[in-house]
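Let me begin by presenting the structure, written as structure tokens, before commenting on it.
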Number of protein chains: 2
Amino acid sequence: MPATIRDVARESGVHISTVSRTFSAPHLVNAETRSRVLACAEHLGYRPNRAARALITGRTHNIGLIVADIANPFFPPLIKAAESQARQRDYHIFVTDTNEDASVEEDLVRALAKQVDGVLLCSPRMSNSLIEQLSREVPLVVVNRQLTGLPTVVMDVAQGARLAIDHLNGLGHRRIALVAGPRGSWTSREIRRSAMSAARAGDADLTVIGPNQPTEDGGMAVAEQIVRAGVTAVLAYNDLMAIGLIEGLTAQGQRVPEDVSVVGIDDIALSRLTRPKLTTVATPTAAAGRAAVDMLLAHGDDRRTTAQITLQTELVIRDSTGPGPGPHSHADPGGVVATALGDVASYAKE
Amino acid sequence: MPATIRDVARESGVHISTVSRTFSAPHLVNAETRSRVLACAEHLGYRPNRAARALITGRTHNIGLIVADIANPFFPPLIKAAESQARQRDYHIFVTDTNEDASVEEDLVRALAKQVDGVLLCSPRMSNSLIEQLSREVPLVVVNRQLTGLPTVVMDVAQGARLAIDHLNGLGHRRIALVAGPRGSWTSREIRRSAMSAARAGDADLTVIGPNQPTEDGGMAVAEQIVRAGVTAVLAYNDLMAIGLIEGLTAQGQRVPEDVSVVGIDDIALSRLTRPKLTTVATPTAAAGRAAVDMLLAHGDDRRTTAQITLQTELVIRDSTGPGPGPHSHADPGGVVATALGDVASYAKE
DNA sequence: TAGTTTCGTGCAAACGTTTGCACAGCGCGA
DNA sequence: TCGCGCTGTGCAAACGTTTGCACGAAACTA
């Protein structure tokens, strides 16, 4: 029913190859012929069949995007940015959701492999070695995980965690808890490592609780442990958990920030809407989405580029953190701290 | 590089057609042959090329899903449900975002048309006639808009709005505002119509404010107008706006629910996390996602089915609504009201 | 035993494109 | 006049599948 290249060829009195060239290599065809062909195509409502084109060129002009949980507000800005970046280059994005399940991830990559030109793997939960293996089946760009030999886009959460701990320390907190993220999360490990060393440097105690589901419920569930641990401040793996945690703490009769200070990570839109407003580490998610698409498409041109991009984070101080029992350091920098790396400035600028 | 059907045929000593049948019509091939072929395929890591298959069968096994704004928490549950329903039937979902822009919608449908077997159009902003025209180019299922002649899935927001207004009325509110949604939204018109008639029936005044952007900012922006209007209760187009509105009202020195009661619509996860917790009309979004996928795929089999599904809504009373100045009616039913229609019970049960 | 059905397989023509190659026509310099 | 290069077009072979048709063998039926 839909018009094919042959219909257009017949109507405009040229060979199908000329029609083909009108679309995929216009400079090769005479201007007059070209406009005639275009007119016929327009008239017939012709649109090239991408499947057929994919068959011969080997490029589908589709990109897969795998996220752990599309309902986590961290991802939508990343997805939107990736989509619009892709659309500009005449690519489409296939979004899929793994429900935080590592084995679903593997299946999805394999399923997607044949119908996309590459996959953006965001916040993977599977093992490094599996990722490397899969990258042999389909071009992969990994987001939120550092991995040598593969193109990656990561947020500098280590820096973010350090800023957060320093901030808490500066406010006089010496007993701090870290609410970890899900098993398999590189980001969670990174935060832990960095928070540990920052706490040590500041003479503070850091209690790690986890792994946990990175959701409101996950945060709420650890409230009791937090109270029992007797800490005065908490750094949570992400904003969602921080918000759930505040909810849980309130239910336990604790006030935030008077009794316990809470810091999140991500700076999702929601973190400005809860009461108290959340102090958090902002991550440039939209920039990450754009960068990942760019890397994937660049990677398509020349083989085996494995650039690694690190995007800077910054601490945004709002109302969920307050003075602790220890001595305050008024040297706390507060507010915006970091700026973009030079060579990725265009990504980092939101 | 990746193994093709020919490689498998060579390795297992049969013709490619036999290999093809092993996958697409297993009952036609001898059990012994079949297992040998499967073994070879496994061994070579063979996976059928969907583009090639699509070329000949005309079915891509992909479904497009167009939403107004993926960052609106209303959509993710719908998307997830649609994805998992589709995956069960060996389909993939293509999610795209229109940024609430009607003209982007049209482009996207057209762009998707050739590489998917059908499109789920959620909360469209474009005109009915354009939708009908597009439905001639690609099978369409419309979600959140009633439209004769096309398969549709809608939430019974009219019922929801009625319940909400009755609830407010029962609490003694007589001057109520309706914060409308974006231009072009069927849901918004529907809410308005129903809220109007419910208000009239309850001897209440209803002031309509809008159209507005259906976001927190959109809600926050109308706070001042609300105060000026001197109403004691507000029904908002969606939870996001309700939450933004509460934020805005608080900034204006109004207390919720003591000075102003606020009701949202959608019951997004977030509405349980804000303070005060939001009274809202719950819409079965996941059920809608599943239903839409089912309708699309059914529609594919026999031509021109145009079923219309309406999913029931219910009022969830939380903390953002309280007594108004007028006489109370203790006949207010409160809590869960509606149940699923018989024939869509499996969708409505979340 | 002959005829008929069933089963399993192979053959080859599609599906709608892209693209290397060939070729015709033309203009130009020698 | 010849040879050359350039431009625009046609030709046909791919790409990796599916599927209608044909055919041989085996298994029934009469």
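Order of the sequence lines fixes the chain letters, A, B, ..., with proteins taken first and strands second; residue numbering starts at 1 for each chain.
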Nucleotide D:dT18, atom P - distance to CD1 of B:I16 in whole Å: 9 Å
Please report the distance, rounded to the nearest Å, between CZ in A:R53 and P in D:dC15. 19 Å
Atom pair distance, as rounded to whole Å: CD1 in B:I5 and C1' in D:dT17: 6 Å
Pick base, sugar-phosphate or nothing for B:R6, based on heavy-atom distances below 4.0 Å to the nucleic acid. base
Looking at residues at least two apart in the chain, or sitting in another chain, which of them share a side chain to side chain donor-acceptor pair (under 3.5 Å) with B:T22? none
Among the nucleotides D:dG16, C:dT17, C:dT19, which one has an atom lying closest to any side-chain atom of A:N49? C:dT17
Donor-acceptor contact below 3.5 Å, side chain A:D117 vs main chain A:I63: no
For the pair made of CD1 in B:I56 and C1' in D:dT18, what is the distance, rounded to whole Å? 4 Å
B:F23 near the nucleic acid: base, sugar-phosphate alone, or nothing, with a heavy-atom cut-off under 4.0 Å? nothing
For nucleotides 4-9 of chain D, give me one character per nucleotide, 5' to 3': B if any protein heavy atom sits under 4.0 Å from the base, S if the only such contacts are to the sugar-phosphate, - if neither. ----SB
Under a 4.0 Å N-O cut-off, is there an ion pair linking A:R125 with A:E105? no
Separation of atom CZ in B:R59 from atom P in C:dC15, rounded to whole Å: 17 Å
Could you tell me the separation between the CZ atom of A:R50 and the P atom of C:dT17, rounded to a whole number of Å? 12 Å
Using a 4.0 Å heavy-atom cut-off across all strands, classify B:S20 as base, sugar-phosphate, or nothing. base
Could you check whether A:R110 pairs with A:E106 (Lys NZ or Arg NE/NH1/NH2 to Asp/Glu carboxylate O, under 4.0 Å)? yes
Quickly work out the A:D7 CG to C:dC15 P distance and round it to whole Å. 11 Å
Scan side-chain atoms only and decide if A:H61 and B:Q115 contain a donor-acceptor pair under the 3.5 Å cut-off. no
Rounded to whole Å, how long is the line connecting atom CD of A:Q115 with atom P of D:dG16? 16 Å
Beyond-backbone contact of A:D69 with A:D97, side-chain heavy atoms, under 4.5 angstrom: yes
For B:F75, check ring pair (Phe, Tyr, Trp, His ring centres under 6.0 Å) against everything at least two apart and list the hits. none
